[in-house]
**Student:** 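This is the structure, below, for whatever I ask next.
Just so you know, these numbers come straight off a predicted model, no measurement behind them.
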Amino acid sequence: MPRALASPTPLRLFLIFSRIGLTSFGGGLSGWLLREFVTDRAWIDEEAFLNGLSLAQALPGVNVTNMAVWIGSDLAGVPGALASVAGIVAPPAVAIVALAAGIERLSGFSATTWALDGAAAAAVGLSASMAITVTRRVPRRPLPWVVLGATFAAVGLLHWPLLPVVVAMGTLSVAAEWRRLGRDR
């Protein structure tokens, strides 16, 4: 585990989230957050981060905004949460508006397509890295794999509606884990 750098403050959190928001395209943000807060700065341990990511994904709203609230709050209280959300939302929103003003001019250049393709490939790589990290930590029990396979089959192959499938499979998974934890005590 690396040595922790300077302590987290609302300003530092704002700047970190601003940089991540301004340099991330097409997803993969959880990978950047893992690298920034767990690997590089050691402000959060990996298990806590993955628990926070699970919580952020379970709550309504945008996952990265939920993560910004969770990380900011965990590291610097309410001011940290507010600064983190402001950092992940405001600077990228300004940049998007500025880019939209000139996008028609840029779309005629082949370099624009190359740059966007490269950004998309980087986002896929970060998402894959995050998936590998999470997979390494998941206990090797059959039920999670059965739930994963059943969810994929129901939504991806049978084209059943996503919401009822996720609610049913999520309920099954939580109930089974609750039961397993009760037995292990």
Side-chain angles (χ1 to χ4, degrees), residues 1-107 109 111-138 162-163 166 170:
M1 175 79 94
R3 203 177 99 244
L5 302 176
S7 64
T9 65
L11 177 60
R12 283 191 183 104
L13 291 169
F14 175 82
L15 294 173
I16 291 166
F17 276 99
S18 294
R19 181 174 41 80
I20 291 170
L22 288 168
T23 59
S24 300
F25 300 93
L29 287 168
S30 56
W32 281 114
L33 297 175
L34 177 76
R35 178 182 294 169
E36 190 69 43
F37 293 103
V38 175
T39 306
D40 292 351
R41 296 182 186 273
W43 286 347
I44 302 173
D45 68 50
E46 190 173 275
E47 182 178 353
F49 178 87
L50 294 174
N51 289 336
L53 179 62
S54 297
L55 178 64
Q57 291 174 338
L59 293 173
V62 180
N63 292 347
V64 71
T65 305
N66 293 343
M67 281 298 287
V69 170
W70 179 79
I71 290 171
S73 177
D74 187 55
L75 296 177
V78 172
L82 293 172
S84 297
V85 170
I88 201 70
V89 172
V94 170
I96 288 169
V97 170
L99 277 174
I103 196 71
E104 191 169 330
R105 288 182 185 217
L106 294 174
S107 65
F109 296 104
T112 302
T113 303
W114 299 339
L116 292 175
D117 287 348
V124 168
L126 282 169
S127 294
S129 170
M130 189 68 209
I132 290 167
T133 299
V134 170
T135 302
R136 284 191 346 240
R137 299 289 182 230
V138 173
L162 178 65
L163 186 59
V166 169

**Student:** Nearest 0.5 angstrom please: Leu34 CG to Asp40 CG, how far?
**Tutor:**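 With rounding to 0.5 Å, CG (Leu34) is 9.5 Å from CG (Asp40).
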
**Student:** Once you round to the nearest 0.5 Å, how far does CG of Leu50 lie from CG of Asp45?
**Tutor:**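 These two atoms lie 9.0 Å from each other.
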
**Student:** Mind listing the closest non-hydrogen atom pair of Ser7 and Arg12 along with its distance?
**Tutor:**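 Looking at all heavy atoms of both residues, the shortest contact is O-NH1, 2.6 Å.
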
**Student:** Using atom types as modelled, flag every donor-acceptor pair under 3.5 Å from a side chain in residues 67-91 to any protein atom, sequence neighbours excluded.
**Tutor:**
unit_1, atom_1, unit_2, atom_2, d
Ser84, OG, Gly80, O, 2.8

**Student:** Are any non-hydrogen side-chain atoms of Trp43 and Val38 less than 4.5 angstrom apart?
**Tutor:**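 Contact flag for Trp43/Val38 side chains = no.
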
**Student:** To the nearest 0.5 angstrom, please state how far the CG atom of Leu126 sits from the CG atom of Leu29.
**Tutor:**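 Reported to 0.5 Å precision, the distance equals 8.5 Å.
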
**Student:** Check step by step if side-chain contact (heavy atoms from CB on, under 4.5 Å) holds for Phe37 and Ile16.
**Tutor:** CA-CA 9 Å; Phe37 293 103; Ile16 291 166; 3.6 Å; yes

**Student:** What residues form a salt bridge (charged side-chain N to carboxylate O under 4.0 Å, His left out) with Arg35, not counting sequence neighbours?
**Tutor:** none

**Student:** Any idea which heavy atoms bring Ala95 and Leu22 closest together, and the distance?
**Tutor:**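 That would be CB-CD2, 3.7 Å.
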
**Student:** Kindly give the heavy-atom pair with the smallest separation between Ile20 and Trp32, and that separation in Å.
**Tutor:**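 The answer is CG2-CB, 4.1 Å.
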
**Student:** Identify, with sequence neighbours excluded, every residue that meets side chain to side chain contact (heavy atoms under 4.5 Å, CB included) alongside Leu11.
**Tutor:** Thr9, Leu15

**Student:** What closest approach, in Å, do Leu53 and Ser30 show between heavy atoms, and which atom pair accounts for it?
**Tutor:**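 Closest heavy-atom pair between Leu53 and Ser30: CD1-CB, 4.0 Å.
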
